[in-house]
Amino acid sequence: MTLGLINANPVVHAKKERVARTEDPHADDAVDPLDIYDFVRDIRDPEHPYSLEQLSVLSEESITVDDKLGRILITFTPTIQHCSMATVIGLCLRVKLKHFFPPHYKVDIKVSPGSHADEESVNKQLNDKERVAAALENPNLRQLVDECLYSNEL
């Protein structure tokens with residue numbers, strides 16, 4: 001946890017029930033947005049002991065897949081417009097999804113339009129391979145990302 005919370009009182013929503021599927025999710029190479037959502041919904045927020053789902057940072061509707069173009073777009077909505085943790089949330093998503101997709105898919109991670117005061121800069125950082133690699137070389141930042149990904153507090 002960081003000291004001096006930016007958003008001391010976030011709105012917390014109930015977790016949705018997971019939907020059981022009968023078909024084989026890997027029967028073809030197609031990527032299902034619901035599978036992606038199920039995979040990332042439990043990432044812990046870097047500032048609070050709640051998941052991205054509980055804070056409505058992510059939703060099922062925030063993930064789109066274009067199988068023909070091989071593109072996946074994940075948009076997330078920070079809890080406040082000047083969220084200093086937006087890039088950390090994006091890094092968590094990128095690290096968690098690193099090996100989830102067939103290699104021919106391009107993954108874009110962005111903040112929802114109008115949801116962050118520094119939207120363009122955050123989006124540029126999250127989708128620049130060199131910036132992402134450099135950020136993950138920082139041991140403190142990497143530790144924070146790992147805590148969000150592997151936290152058992154939820």
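As the structure is a prediction and not an experimental result, all values here were calculated from the model.
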Supply the atom-to-atom distance Leu93 CG to Ile63 CD1, rounded to the nearest 0.5 angstrom.
8.0 Å
Side-chain donor/acceptor of Gln54 to backbone N/O of Arg44, under 3.5 Å
no
Looking at CG of Asp108 and CD1 of Ile74, how far apart are the two atoms once the value is rounded to the nearest 0.5 Å?
9.5 Å
Rounded distance (nearest 0.5 Å) linking atom CD of Glu60 with atom CZ of Arg41:
7.0 Å
What closest approach, in Å, do Tyr50 and Leu55 show between heavy atoms, and which atom pair accounts for it?
CB-CG, 3.9 Å
Other residues, nucleotides, ligands: >12 heavy atoms within 6.0 Å of Lys106 NZ
yes
Would you say His116's side chain and Cys83's backbone share a donor-acceptor pair under 3.5 angstrom?
yes
4.5 Å side-chain heavy-atom contact, Ile89 and Phe76:
yes
Keeping the roles fixed (side chain from Ser51, backbone from Ile43), state whether a donor-acceptor pair exists under 3.5 Å.
no
Can you name the salt bridge (charged side-chain N to carboxylate O under 4.0 Å, His left out) partners of Asp146, sequence neighbours left out?
Arg142
When rounded to the nearest 0.5 Å, the distance separating OG of Ser62 from CD of Glu53 is 10.5 Å
Under 3.5 Å, which donor-acceptor pairs do the side chains of residues 127-138 form with other protein atoms, sequence neighbours left out?
unit_1 : atom_1 : unit_2 : atom_2 : d
Asn127 : OD1    : Arg94  : NH2    : 2.9
Asn127 : OD1    : Ile109 : N      : 3.0
Asn127 : ND2    : Ile109 : O      : 2.7
Asn127 : ND2    : Asn123 : O      : 3.0
Asp128 : OD1    : Glu130 : N      : 2.9
Asp128 : OD1    : Arg131 : N      : 3.1
Asn138 : OD1    : Asn140 : N      : 2.9
Asn138 : OD1    : Leu141 : N      : 3.1

Side chains of Asp32 and Tyr37: is there a donor and an acceptor less than 3.5 Å apart?
no
OG1 of Thr64 to CD1 of Ile72, rounded to nearest 0.5 Å, is 9.0 Å
Chi angles and distances behind the side-chain contact (heavy atoms from CB on, under 4.5 Å) call for Val111, Asp118
CA-CA 10 Å; Val111 293; Asp118 210 5; over 6 Å; no
